[in-house]
2 protein chains.
Amino acid sequence: MNAASRALERSHVAPNNIGRVKIPGPHLVATYKAGREIYGQGDTVTKYYQVKTGTVRVYRLLEEGRRQIVSFHFAGEVFGVEAGSTHRFFAAAITETTLAVFRQHTVKEHSRELLGFALDGMARAQEHLLVVGRQCAVERMAAFLLDLSHRLGRLRQLRLPMSRQDIADYLGLTIETVSRVMTKLKERSIIALQDTRAIDIMKPGALRSLCQ
Amino acid sequence: MNAASRALERSHVAPNNIGRVKIPGPHLVATYKAGREIYGQGDTVTKYYQVKTGTVRVYRLLEEGRRQIVSFHFAGEVFGVEAGSTHRFFAAAITETTLAVFRQHTVKEHSRELLGFALDGMARAQEHLLVVGRQCAVERMAAFLLDLSHRLGRLRQLRLPMSRQDIADYLGLTIETVSRVMTKLKERSIIALQDTRAIDIMKPGALRSLCQ
DNA sequence: CGGAATCTTGACCAAGTTCAAGCGGTGTGG
DNA sequence: CCACACCGCTTGAACTTGGTCAAGATTCCG
């Protein structure tokens, strides 16, 4: 297949095209304490949300205590836009979070702006799928850390808002594996840890070559 | 978490809301032989497509010959709508396929209809992610077969348009594992195989209880 | 009929999970 | 102020699932 020979650069989902965009129209601002649920699976869709500060996780609970986190959302990012009339996932604040809340009264008249969010969400889910479907544990962590550093402002120093359990459930791993991979990256001096949540990316190049 | 106690019925992505919809506007009809590429990663996005007959796979090639199939598309389904101006995946015909081809000149004026496709694509990718991230091999196959039977018209008898390799690359497994799981399902009389591509779902209930 | 795909099966192996114990920080109550 | 329990994280050892490698079987065609 000649297609294979084409340049396949890692495509990060355009992080800035809706980044800190101010969405026009009236909205409320709501604050959620860490751990608070924003909406639940089965709830009627009436609003969508833009993170002002904090971090949100969108996830599904499966039987036997399994959980899959579908996406994290940071400042500027939009979530809660869905295909049907009821939410198919749960959303919760990870840290204390403030949200701009928009009414979704007439999806039709907002379709132009919503389209961007939907396409972005689709792209994110697809890239995520790639990582979870075809990469090993180290590659997943590398991809995750790079994505995070991009979305939090291309920083070398990261402060993780989420727990190891959240990371594990996002990457389709166990908490123990996440921990072991962290240790391995630390041993190779690819990252450094101030404490468990404060990560320093020492060798971004090494991370990049790991995940692709 | 009280959220966990809510009814969590398996949410199949609404298969019919854009199913066989006739999209208004001028379009070409194009035919692709089995295996032919429809677009490649990096190509400029100028069109989007609705399958009239046949089956399409959308995928990415990774290093070391790894491949992840992001989605399959059957008659009536739309693909090729993307966030950016270049395609982030490859698309190819699996069997001989005819497509209705729509120009995407002004995304803005089509945003209302495109929104539906984008939301649908997002939902599909998210459900897929769930399967690949948190289910074992048997559960993945079960989910796959059920999804397929829904989308091909809630049939008991399926004719798989794709190879074992395609299924493996869709589910994040190897071809050998797919084969072994098929055999196991056959041994348990949950499915029956006329030939490798013709599947009879004997116990849909058993399949359903397997995948969740 | 022969040759090439495609698929199945088996034996072995490795990555990641499971289970269990220990560490370190934090908060609480005696 | 210290003791103790709790929580999140790390580490180790045993185990399991699915991957790898290799050999056959089956189908598809020319």
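Proteins get letters first, then strands, A, B, ... in listed order; numbering begins at 1 in each.
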A.B. asks: Which residues pass the ring pair (Phe, Tyr, Trp, His ring centres under 6.0 Å) test with B:Phe144, sequence neighbours left out?
C.D. replies: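 Counting only residues at least two positions away or on another chain, B:Phe144 forms a ring pair (Phe, Tyr, Trp, His ring centres under 6.0 Å) with B:Tyr170.
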
A.B. asks: Residues two or more places apart in sequence or in another chain: which of them pass side chain to side chain donor-acceptor pair (under 3.5 Å) with B:Ser179?
C.D. replies: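 B:Ser179 satisfies side chain to side chain donor-acceptor pair (under 3.5 Å) with no other residue.
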
A.B. asks: At under 4.0 Å between heavy atoms, how does the protein contact nucleotides 6-24 of chain D? Give one character per nucleotide, 5' to 3', with B, S or -.
C.D. replies: ---SBBBB----SSBB---

A.B. asks: With B:Arg134, which residues qualify under side chain to side chain donor-acceptor pair (under 3.5 Å), at least two apart?
C.D. replies: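 Result, side chain to side chain donor-acceptor pair (under 3.5 Å) vs B:Arg134: A:Asp169.
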
A.B. asks: Who passes side chain to side chain donor-acceptor pair (under 3.5 Å) against B:His128, sequence neighbours left out?
C.D. replies: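 Not a single residue meets the side chain to side chain donor-acceptor pair (under 3.5 Å) criterion with B:His128.
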
A.B. asks: By salt bridge (Lys or Arg N to Asp or Glu O under 4.0 Å), which residues pair with B:Arg164, not counting sequence neighbours?
C.D. replies: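 So B:Arg164 forms no salt bridge (Lys or Arg N to Asp or Glu O under 4.0 Å) with any residue.
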
A.B. asks: Kindly list each side-chain donor-acceptor pair under 3.5 angstrom involving residues 196-206 of chain A, sequence neighbours excluded, with atom names and distances?
C.D. replies:
from	atom 1	to	atom 2	distance (Å)
A:Arg197	NH1	A:Pro161	O	3.1
A:Lys203	NZ	A:Arg188	O	3.4

A.B. asks: Taking any atom closer than 4.0 angstrom to a non-hydrogen atom of chain B, what span of DNA chain C does the protein reach, first nucleotide to last?
C.D. replies: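 Boundary nucleotides touching chain B, in 5' to 3' order, are C:dC7 to C:dA11.
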
A.B. asks: Can you sort out the partners of A:Thr53 under side chain to side chain donor-acceptor pair (under 3.5 Å), two or more places apart, ordered by chain and number?
C.D. replies: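 Applying side chain to side chain donor-acceptor pair (under 3.5 Å) to A:Thr53 gives A:Thr98.
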
